[in-house]
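Encoded as structure tokens, the structure appears first; notes follow it.
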2 protein chains.
Amino acid sequence: MTVSSEFDRYPKTGRFLAGRLRSEMSEAEKTELEGLVVDTITLRDGARAIARGDACNWSAILIDGFVLRTLENGGRRYAVSFHVPGDFVDLHCFALRRLDHNIDCVGEATFGRVPHDAIARVMEQRPHLARLFWFATLLDAAMHREWIMKLEQSTVPKRIAHVFAEIWRRLEMVGQAFPDGFQTPLRQSEIAEMCGATAIHTNRALADLRRNDLADFRRGEVRIRDRARLEDYAGFRPDYLYGEGSLALRRAG
Amino acid sequence: MTVSSEFDRYPKTGRFLAGRLRSEMSEAEKTELEGLVVDTITLRDGARAIARGDACNWSAILIDGFVLRTLENGGRRYAVSFHVPGDFVDLHCFALRRLDHNIDCVGEATFGRVPHDAIARVMEQRPHLARLFWFATLLDAAMHREWIMKLEQSTVPKRIAHVFAEIWRRLEMVGQAFPDGFQTPLRQSEIAEMCGATAIHTNRALADLRRNDLADFRRGEVRIRDRARLEDYAGFRPDYLYGEGSLALRRAG
DNA sequence: CGTCACCTTGATCTGCCTCAAAAACCGTGG
DNA sequence: CCACGGTTTTTGAGGCAGATCAAGGTGACG
């Protein structure tokens with residue numbers, strides 16, 4: 001089942017868990033999920049889709065575009081994670097009731113809206129799908145953890161390399177990558193926000209990466225010649241993304 | 001319902017969600033949860049309770065002690081979060097199947113073990129309790145996000161202050177804090193691992209905090225005179241901990 | 001009372017920040 | 001097609017937080 005054929009049949013949710021546990025979803029579950037989306041909404045670049053403290057009675061799945069999960073403190077914005085199409089960006093909100101962070105669009109982004117009572121119905125009537133929903137939110141936590149380690153460990157050029165490696169893999173899983181890189185609406189200032197660096201230093205770090213032929217970022221496009229070299233440089237091990245086949249089992253406890 | 005009376009009646013799980021949504025749990029749910037724990041296990045200081053890549057068919061709730069959630073890379077260990085009694089430390093494992101990180105004991109720690117088929121039963125028969133389980137794992141994600149922001153934003157002394165502020169609050173929620181601070185088995189080297197700093201620099205930063213009368217850490221004990229000052233210095237806003245009453249609603253979307 | 005683990009101190013070096021400015025790019029309207 | 005203003009990227013110089021290397025202390029415990 002390719003990503004694109006799934007997307008033809010389920011235009012709003014066909015990328016959900018693509019490359020991960022989507023293979024575990026029955027057609028009935030896929031249909032159910034597609035039916036949960038009551039409407040779609042498209043927001044422009046820079047728009048704040050959801051703000052910290054909002055109480056929502058619906059959750060949003062990202063259908064198209066790129067968003068940042070951000071926190072603000074002392075007047076500055078910090079990106080704590082990002083999302084690609086197929087990600088159920090604030091499924092959290094169902095269990096948390098109110099969000100602790102913002103969802104900001106980078107470039108134009110289209111969301112599908114799912115009312116919370118529909119999710120509650122899934123919890124009651126479809127435990128397997130509920131478990132997949134849970135899984136999807138835990139994926140975010142796993143990515144957060146990797147990011148914490150990355151921030152604790154590496155210099156800015158390596159952090160950027162790691163971001164690039166992760167974006168590339170995740171876009172690939174949902175069928176939106178090129179063989180030699182990917183497109184992205186991110187600006188340097190936003191990469192800086194993701195890496196805990198200033199835009200100026202990020203610019204110099206990007207120049208380093210270019211000079212060392214690790215990654216070539218320029219306005220909206222990232223080109224990478226040698227994936228293994230980039231991932232090695234970044235200390236990127238994709239298993240935390242829980243792609244199919246990764247993080248191989250070691251033993252049953 | 002005080003933490004201690006709950007703990008008398010539910011000696012293994014009485015601190016679960018204490019200070020958060022425990023008030024939402026019915027007695028039947030509390031009893032059900034207590035019954036999920038089939039046995040307990042006590043590990044010594046430094047023991048690795050769960051290792052990355054392990055496939056588990058059970059999850060662990062921390063009954064007593066302090067643990068770190070860690071990742072390793074390039075031979076070094078990085079702490080990405082910590083847990084206090086009452087935390088269902090690897091509930092994740094139920095939905096993720098295999099863990100992306102380690103759980104390491106700091107000091108002696110006692111866990112209750114819950115088989116996954118028991119959790120599956122909860123998913124099917126007790127949607128409300130299942131939702132609380134989900135909530136508990138999302139709490140971890142919210143704390144991760146705050147940590148990412150902290151790492152992106154602050155200097156080491158502020159990070160340490162933030163760790164102290166968070167530990168204190170969380171211990172308080174489960175009834176294990178003092179009015180003027182808390183006890184902790186953490187060593188300076190472990191605080192360093194939590195803050196993405198070297199032990200040496202952490203030592204100097206701790207000296208700073210002491211000199212400025214913000215926090216006095218010494219072997220196993222942290223004393224804080226002026227909580228507001230510490231929290232203010234750290235930029236600590238406790239709402240992300242989702243304690244009762246915090247992160248007030250702004251509007252219904 | 002010696003050993004081991006942990007904490008403390010000193011000196012040097014580097015990654016990244018800040019302030020300041022210029023150059024390239026992009027959409028718009030004439 | 002070019003002139004224009006705003007946004008994004010690039011470059012330069014100086015300073016500080018934190019890393020690294022290298023020793024000393026200090027306390028707990030056999």
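Chain A is the first sequence line, chain B the second, and so forth, proteins listed ahead of strands; every chain is numbered from 1.
- In this structure, A/R187 places its CZ atom 9 Å from C1' of D/dT8, rounding to the nearest Å.
- Taking atom CG of residue B/L206 and atom C1' of nucleotide C/dT9, one finds them 15 Å apart after rounding to whole Å.
- Applying the 4.0 Å criterion to OP1 and OP2 of D/dT9, one finds that A/N203 has every side-chain N and O outside that range.
- Counting to the nearest Å, the P atom of C/dA5 and the CG atom of B/L186 are 19 Å from each other.
- B/D208 places its CG atom 13 Å from the C1' atom of C/dT8, with the value rounded to the nearest Å.
- Between B/W168 and B/F182, the ring-plane angle classifies as tilted under the 30° and 60° cut-offs.
- Atom CZ in A/R211 sits about 12 Å away from atom C1' in D/dT10, given to the nearest Å.
- The separation between A/L151 atom CG and C/dC16 atom C1' is 14 Å, rounded to whole Å.
- In B/R225, the CZ atom is not crowded: 12 or fewer heavy atoms of neighbouring residues, nucleotides or ligands sit closer than 6.0 Å.
- With hydrogens and angles ignored, the 3.5 Å screen pairs a side-chain donor or acceptor of A/R15 with a backbone N or O of A/V174.
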What is the per-nucleotide protein-contact pattern of nucleotides 14-30 of chain D, from the 5' end, where B denotes a base atom under 4.0 Å from a protein heavy atom, S denotes such proximity for sugar-phosphate atoms only, and - denotes neither? ----BSBBB--------
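- Judged by a 6.0 Å distance limit and a 45° cone about the ring axis, B/R169 is not positioned over the six-membered ring of B/F236.
- The phosphate of D/dT10 has OP1 or OP2 within less than 4.0 Å of a side-chain N or O from A/Q188.
- The gap from the C1' atom of D/dG24 to that of C/dA5 amounts to 15 Å, rounded to the nearest Å.
- Ring planes of B/F164 and B/F217: parallel class, angle under 30° (limits at 30 and 60°).
- Formation of a donor-acceptor pair under 3.5 Å by the B/R98 side chain with backbone atoms of B/D54 is not found in this model.
- A straight line from CD1 of A/I160 to P of D/dT9 spans 12 Å, rounded to a whole angstrom.
- Atom P of nucleotide C/dT8 and atom CG of B/D216 are separated by 10 Å, given to the nearest angstrom.
- The aromatic rings of B/W147 and B/H162 stand perpendicular to each other, their planes meeting at an angle above 60°, with 30° marking the opposite boundary.
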